[in-house]
Amino acid sequence: MSFDSLGLSAPLLKAVAEEGYDTPSPIQAQAIPAVLDGRDVMAAAQTGTGKTAGFTLPILQRLSEAQRPNGRPVRALILTPTRELAAQVGESVATYGKHLPLTSAVVFGGVKINPQIAKLKSGVDILVATPGRLLDLHQQKAVSFEALEVLVLDEADRMLDMGFIHDIRRILKVLPAQRQNLLFSATFSQEIRNLAKGIVNDPVEVSVTPRNTAAATVTQWVHPVDKSRKPALLSHLIETHQWQQVLVFTRTKHGANRLTKYLEGQGIEAAAIHGNKSQNARTKALADFKNGDVRALVATDIAARGLDIDQLPQVVNFELPNVPEDYVHRIGRTGRAGASGQAVSLVSLDEKKELAGIERLISQRLESQTVNGFEPTPGGGPKVDENEGRAPRPPRRQGGGRNGSGPQRSGGGQRSANSQRQNGEPRGNDNRSNDNRSSESRGNESTAPRRRRSRGGRSRTGGNGGAASGNR
C-alpha cells in the first residue's frame, strides 16, 4: 500500500514524498481513511509507529477542502500533555501542510503569553496546545472555538487520567457539541477507554498491535545492582560500551539533577530535563542531546512521551517507574519507525514490585544480566539518602496557627495557583509534576510516517521555545 491509495491530495503527497516516505504504517493505513470520512476515532498502537501523521495528514486535507469561516477562528484543536510534544506535533503540522494555504500555531506554558496572543489575533486554522495555557488564553478571550471542526487528544490515556481530566472537562464545555473527535495513544486502560467513550460518538476503533507492548525491535534486559551503586554502574556501562547517545530515566527531578552532576564528574557530558527546568533550558538540553554535544540526557517521565529522536540507540531506566505503562513509553523512545534499539533497566532489591508489575503488563519476563564487579549484595547494599542534594526547606512561620498571635496563613495551594496564573499558568496546568505518580510522563509519538530510507540520524530540535508558529 502507498500513500497514493489513501485518498490524500497532491499537496500532501508531495510533502510526504519530500520527507522521504512512501508507505504508510499500519496505524496510518487504518486511521487516515476513517478520519477523512469524518468519523470519530479511537486509535491505539505501539509508540514510534507514526500516530501523529495518522491524524495530521487527514485533518490538513479536510480543512483545505472545506470553506474557511470568516475571521479565521480555530478550526482544529490538538491537545497534548507536554510542551515538547506540542512543539513536535506543531512541527509535523507545518511540515505536511507546507503546500497548503493553512495556518497553524503552537501554544504552551513556560514562555511569555503575549506573543501567543498576538499570533492568535490574526486567526489560525490549526492550534496545537497544552491544556493549562489553552485555558489561560481562552480566559483572556484570545482564542475562539465557535467554528471548531476537529478535536484531537494526543496521548489520550494521559490526557484523561486524573492529572488532566479536570482541565479537559473545562475545555470540552467551551467547544461546539458538533465536532469530530480523535483520540490517539499508545496505551488505553479499560478505565480510560470507558471515560473516552463519553467524548467520542460511534467511534471507529483502530488497534494494530497489542496494547501495552513495546516494539519488537527493542531489546530489553535488566541489570540487578545495589541502589547505592547504580550511578557507578551507569557510568561503567556508558564507558565500556562507548554509548554516545543515551537517554536515562529517573523517578524524580532531584534524582535527575544528582545523577547529571555525578556523570559530569566522571567526564561524561550530561544534561537534565524535567519540570523544574525553564523552557529555554529544556529546549537547549534536548537540542544539545540531538546534535551530540550532550552524551547522556537524564530525564524524568516528562520525556517518556515528549521526545522523538531519530535513531536513538539506547534507553536506560536508572529507576523503574511507579506506573508500569510508563515503562512502555520510556523504552518507546528507541526502536522507532522500524529501527532497532536497546533498553536496559538498573534494578535494585527495593524495585522488585515495580519490575513484577512491568513484566505482567508486557507479558514478558525480562532477562537478568549481572555485571561483573556490580553484583548485588543480599541485603541490597547501604541505604541511599533520597534527600541528598535537595535544597533545605524554609522554616515554618511561627505564630500562624490557630493559637498563635500572628496572622493565620491559609490557602497555600491557592497561593501557588495564583502565582502560576501570574506566569500565564492556571492550576492543573501542563507544567505540573508528581514524581510519585509519574504524572510528568507527558510525551510524544512519532510525527512521521514509516521511513523509506535512513536519513543518517537527522534530528530536529522539536520546537521554537513556545512561540506560536504558522505554516507558509
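Since this is a predicted model, take the numbers as computed values, not measurements.
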**Student:** Please determine if Lys98 and Glu18 form a salt bridge, counting it only when a charged side-chain N lies under 4.0 Å from a carboxylate O.
**Tutor:** yes
**Student:** Is it the case that over 12 heavy atoms from other parts of the model lie below 6.0 angstrom from the CD atom of Gln67?
**Tutor:** no
**Student:** So, does Gln180 use its side chain to make a donor-acceptor pair with the main chain of Val35 at under 3.5 Å?
**Tutor:** yes
**Student:** I need the minimum non-hydrogen distance between Gly357 and Pro324, along with the two atoms involved.
**Tutor:** O-CB, 3.9 Å
**Student:** Taking side chain as C-beta onward, heavy atoms only, is Val41 less than 4.5 Å from Pro203?
**Tutor:** no
**Student:** Any ion pair linking Arg251 and Glu351 (charged N to carboxylate O, less than 4.0 Å)?
**Tutor:** yes
**Student:** Report yes if the side chains of Gln220 and Gln364 come closer than 4.5 Å at any heavy-atom pair, otherwise no.
**Tutor:** yes
**Student:** Charged N to carboxylate O under 4.0 angstrom, Arg282 versus Glu84?
**Tutor:** yes
**Student:** For the residue pair His274 / Asn257, report whether a side-chain donor-acceptor contact shorter than 3.5 Å exists.
**Tutor:** yes
**Student:** How about Leu297 and Val248: do any of their side-chain heavy atoms sit closer than 4.5 Å?
**Tutor:** no
**Student:** Taking all atoms of both residues into account, what is the closest heavy-atom pair of Gly7 and Leu36, and its distance?
**Tutor:** O-CD1, 4.2 Å
**Student:** Under 30°, 30 to 60°, or over 60°: which ring-plane class applies to His241 and Trp243, parallel, tilted or perpendicular?
**Tutor:** parallel
**Student:** Looking at Glu146 and Arg75, is there a salt bridge between them, counting it only when a charged N and a carboxylate O are closer than 4.0 Å?
**Tutor:** no
**Student:** Check whether any side-chain heavy atom of Phe249 lies under 4.5 Å from a side-chain heavy atom of Thr300, and answer yes or no.
**Tutor:** no
**Student:** Measure across Leu13 and Leu8 and return the closest heavy-atom pair with its distance rounded to 0.1 Å.
**Tutor:** CD1-O, 3.6 Å
**Student:** Does any non-hydrogen side-chain atom of Asp154 lie less than 4.5 Å from one of Leu79?
**Tutor:** no
**Student:** Between Arg295 and Gln245, do the side chains contain an N or O donor and an N or O acceptor separated by less than 3.5 Å?
**Tutor:** no
**Student:** For Leu183 and Val200, work out which heavy atoms get closest and say how close.
**Tutor:** CD1-CG1, 3.7 Å
**Student:** I'd like to know if Asp326 pairs up with Arg330 as an ion pair, taking the criterion as any Lys NZ or Arg NE/NH1/NH2 lying under 4.0 Å from an Asp or Glu carboxylate oxygen.
**Tutor:** no
**Student:** Taking all heavy atoms of Lys51 and all of Ile27, pick out the closest pair and write down the distance.
**Tutor:** CG-CG1, 4.0 Å
**Student:** Passes side chain to side chain contact (heavy atoms under 4.5 Å, CB included), Tyr21 versus Phe3? Steps please.
**Tutor:** CA-CA 9 Å; Tyr21 311 122; Phe3 281 101; 4.3 Å; yes
**Student:** For the residue pair Gln30 / Gln28, report whether a side-chain donor-acceptor contact shorter than 3.5 Å exists.
**Tutor:** no
**Student:** Between Phe289 and Leu247, what is the shortest heavy-atom contact and its length?
**Tutor:** CZ-N, 4.0 Å
**Student:** Verify the neighbour count for atom CD of Gln369: are there more than 12 heavy atoms of other residues, nucleotides or ligands below 6.0 Å?
**Tutor:** yes
**Student:** Quick check: do Ile126 and Val124 have side-chain heavy atoms less than 4.5 Å from each other?
**Tutor:** no
